[in-house]
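Input: a single structure, listed below in structure tokens.
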Amino acid sequence: MENGAATITDFTAKLLSDGINFLQRGMDNTESLNKWIVCGGGRKNKYLLECIKNNFKKIYLEPIDKFQINGDFIESQAFAYLAIRSINGMPISFPNTTRCKHPSTGGVLVENF
């Protein structure tokens, strides 16, 4: 079980690192993109944050709580925002942020009653 948890955490760190590299691509000032504020449950996972750091020569990851902002609240608000956009048929993924081919919505709303 422990090996499985470590493997999925390593994989998650690699995907996040690839995303950071994607955002840095083509930017003139990557120094400013080496400073990241993290929120959500992952900010509490020291192993995950270390795995992300290991993919970079220089990167700074700061928990958003350091700035007196509740990191769990920010994550829940982000999911609520995406849910409202999805319900309204608006895209939540874009080629320049997630590398999808076309802007896409969050799927289909299913009423389970």
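Values below: all heavy atoms of this structure, side chains included; hydrogens, waters and symmetry mates excluded.
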What are the two closest heavy atoms between S86 and G107, and how far apart are they? OG-N, 4.1 Å
Flag yes if L48 and I20 sit in one hydrophobic cluster, no otherwise; membership is Ile, Leu, Val, Met, Phe, Trp, Tyr, and two members link when side-chain heavy atoms are under 4.5 Å apart. yes
Evaluate the side-chain proximity of P103 to S93: yes if any heavy-atom separation is below 4.5 Å, no if none is. no
So CD1 of I59 and CG of N54: to nearest 0.5 Å the spacing works out to 11.0 Å
So how far is it from L49 CG to R43 CZ, rounded to the nearest 0.5 Å? 10.0 Å
Checking N70 side chain against D72 main chain: does a donor-acceptor pair fall under 3.5 Å? yes
M90-I92 co-clustered via ILVMFWY side chain contacts under 4.5 Å: no
Count the heavy atoms belonging to other residues, nucleotides or ligands that lie under 6.0 Å from CZ of F56, then report whether that count exceeds 12. yes
Evaluate the side-chain proximity of E62 to F67: yes if any heavy-atom separation is below 4.5 Å, no if none is. yes
Which value, rounded to the nearest 0.5 Å, describes the distance between L16 atom CG and N55 atom CG? 9.5 Å
Let me confirm one number: the NZ-NZ distance from K53 to K58, rounded to the nearest 0.5 Å. 14.0 Å
Note: D10-K14 ion pair, threshold 4.0 Å (strictly below): no
Taking R85 for its side chain and P91 for its backbone only, find out whether a donor-acceptor pair lies under 3.5 Å. yes
Would a distance-only check, ignoring hydrogens and angles, find a side-chain to backbone donor-acceptor pair under 3.5 Å from N45 to G41? no
Are Y81 and I84 linked, directly or through intermediate hydrophobic residues, by side-chain heavy-atom contacts shorter than 4.5 Å (ILVMFWY only)? no
One should read off an interatomic distance between I64 CD1 and I74 CD1, to the nearest 0.5 angstrom, of 4.5 Å
Cluster overlap I37 with F73, hydrophobic side-chain contacts below 4.5 Å: yes
What are the two closest non-hydrogen atoms of G71 and C39, and how far apart are they? O-CB, 3.8 Å
Between CG on residue L61 and CG on residue N34, distance to nearest 0.5 Å: 9.5 Å
Can any side-chain N or O of T12 pair as donor or acceptor with the backbone N or O of I8 at less than 3.5 Å? yes
Count the heavy atoms belonging to other residues, nucleotides or ligands that lie under 6.0 Å from CZ of F79, then report whether that count exceeds 12. no
